[in-house]
Amino acid sequence: KVMDNNAIYMLFHGRGRFSFDIYPYATLTATVNVHFYDYFGNDLNKTVTIDTVNFQTGQMKHYDHVFNLEEALADNVVQIGISIETINSTDNASMLIRGEKLLIEYASEDDALNTPASDLPAVYLSGDVNTMTKDNKVPMNFVFKDRTRTIVGYAATKWQGDSSLGYRKKAYRIQTFSDSAMKNKLEFKPKVDWLKGNKWNLKAYFTDALLCRDVVNANIGADVWANADHVPNTLFKADNFGFIDGFPVKLYLNGDFAGIYSFNIAKGDYGSDVQAIVGSVQAGAAQFLSLPDGGVKLDGKADYEMIYPDDPTDEIKTSLNNLIKFVATSTDEDFKAQFEQYFDKTSVIDYLIFCNVIEDTDAWIKNQTLFTIDGKKWYYHPYDLDMSLGSGSDGAVFNPTKGIIGLESNRLFKRVAITFGGDVKSRYKALRSWLTPAYILNRYRQHMDKIGVANYQAEEDVWHDS
């Protein structure tokens, strides 16, 4: 019997998938029936037969059937039961049944045949995508469905990413609105522990066979930052201690199943009262080697890019120029004595350790993220964590690296490892008391179990079948 109100609601507004294994001791015919009961368990006498199936003596069979229930049957239904009954009642004792399982699926009006079997949340986007690019948003109808909610609106939608734009499976950035003119924001909480918002990423993770490196690593990072001796209040107030977060969803584009995506916070949130930048190129000032003539540009092409505010101020440029000059030219004595005037040492050391633990090879020039609260002292924070744990940018798997990564790529971390080696070792030892291989593997297992075997197979069928 099904007695969960949410499950019953979705059976009438989606579809069910009933499966079991059967070993018949006789050749027989059976019906699969759905029964409806009221609050007191009384049969409402509107049983529906959803299938009739034949079984052969001594042949083990796996039964799997998708069915829909008419919404008109839902009146007064508080419990639902499913029965397997032989046509000839004398055969009822002639079969062994085990592994009964009922899954609830969401179905679009034009559902693809390869829809995965799971109760993952679903996102539906429909509209003309012919002119969509990374820079050009297009208006689309938007529906978000989870176990208890259906959120309907509109989404300004564009491609998201850089190098990933070359792949067939595109990622999307969406802004949700309640009106077709897209003037009134549709803000909602996709997860109970997230802040309300209307800007989200639908990440494709086309080159990540696990479909979750970025999100799982971010959640591990949030645990590391949460265990620091000093965490700025702005990260306490932010989603996931400033890290991105996400959960798996099924995406439907114009009615067709488009694969398993990750519904993510649009970008790391460091609070409303900070100034934040991210490394944008694999060279130059982003390596803290030297201050370029004229100082940093913060234009996203020469060194760093602004996260917020959108445009760099003279104060931000001056502060970053001082930062780079300090790392590039200070003596060892001055570097040690004055370091915490320029950097939050805890976050720099945690960044070095964490990015080495997850073997993030793309964290040391491009993607290194810094923010400042007072315009003088800068905090480090990881971002874009999918190129990790042996995964290359194209999905190729490489052997584990040897030694400490990041030291030859970024002068700041090389000097930190030398100057504050004792602090790094002490913090590493403390983190490794709980940040063990078993902990990391369990984090991955939990997220992969959310996706499920059927959804991995559906993703494979759609995008990697050649």
Side-chain angles (χ1 to χ4, degrees), residues 1-38 40-74 76-108 110-120 122 147 250 257 260 445 448-462 464-465:
K1 279 189 177 180
V2 178
M3 302 179 68
D4 178 76
N5 290 335
N6 293 327
I8 291 173
Y9 174 86
M10 290 314 306
L11 275 174
F12 284 111
H13 294 82
R15 65 187 182 191
R17 181 182 290 268
F18 185 56
S19 62
F20 59 87
D21 295 316
I22 183 170
Y23 186 88
Y25 296 105
T27 297
L28 52 87
T29 300
T31 58
V32 182
N33 310 295
V34 178
H35 306 266
F36 307 95
Y37 305 91
D38 64 15
F40 300 100
N42 298 316
D43 195 325
L44 295 173
N45 296 316
K46 45 186 179 182
T47 299
V48 174
T49 297
I50 59 173
D51 198 17
T52 301
V53 61
N54 297 313
F55 301 107
Q56 298 296 317
T57 304
Q59 294 184 9
M60 175 69 77
K61 182 180 179 66
H62 176 72
Y63 175 84
D64 190 307
H65 181 70
V66 174
F67 64 93
N68 297 92
L69 298 176
E70 295 181 10
E71 290 185 34
L73 295 170
N76 301 317
V77 174
V78 178
Q79 304 176 43
I80 288 178
I82 298 181
S83 67
I84 307 160
E85 304 174 27
T86 60
I87 298 296
N88 184 347
S89 61
T90 60
D91 289 333
N92 282 345
S94 300
M95 55 185 179
L96 173 66
I97 296 174
R98 61 185 300 174
E100 300 96 329
K101 190 173 186 180
L102 175 64
L103 296 175
I104 298 167
E105 302 177 352
Y106 301 107
S108 66
D110 182 22
D111 206 5
L113 293 177
N114 57 358
T115 297
S118 82
D119 60 352
L120 287 181
R147 291 182 65 247
K250 298 178 293 186
F257 175 62
I260 305 302
R445 290 188 182 108
M448 293 170 70
D449 283 344
K450 287 182 184 177
I451 297 173
V453 174
N455 286 312
Y456 277 116
Q457 185 59 56
E459 172 77 9
E460 186 78 9
D461 292 343
V462 172
H464 303 283
D465 57 350

Contact check, side chains of Val48 and Phe67, non-hydrogen atoms, under 4.5 Å: no
Any side-chain donor near an acceptor of the partner, Thr57 and Thr27, under 3.5 Å: yes
4.5 Å side-chain heavy-atom contact, Thr31 and Ile87: yes
Lys46 side-chain N/O to Phe36 backbone N/O, donor-acceptor pair under 3.5 Å: no
Note, Phe18 side chain near Ile84 side chain (heavy atom, < 4.5 Å): yes
Option among Asn33, Val32, Thr49 that satisfies the side-chain contact (heavy atoms from CB on, under 4.5 Å) test with Glu85: Asn33
Distance in Å, Gln79 CD paired with Asp38 CG, rounded so as to fall on 0.5 Å steps: 7.5 Å
Heavy-atom pair of closest approach, residues Asn45 and Asp43: N-OD1, 2.8 Å
Backbone N/O of Asp51 and side chain of His65: donor-acceptor pair under 3.5 Å: no
Heavy-atom side-chain proximity of Ile260 to Leu120 below 4.5 angstrom: yes
Residue pair Asp461 / Gln457, side-chain donor-acceptor N/O under 3.5 Å: yes
Any side-chain heavy-atom pair of Ile451 and Glu459 under 4.5 Å: no
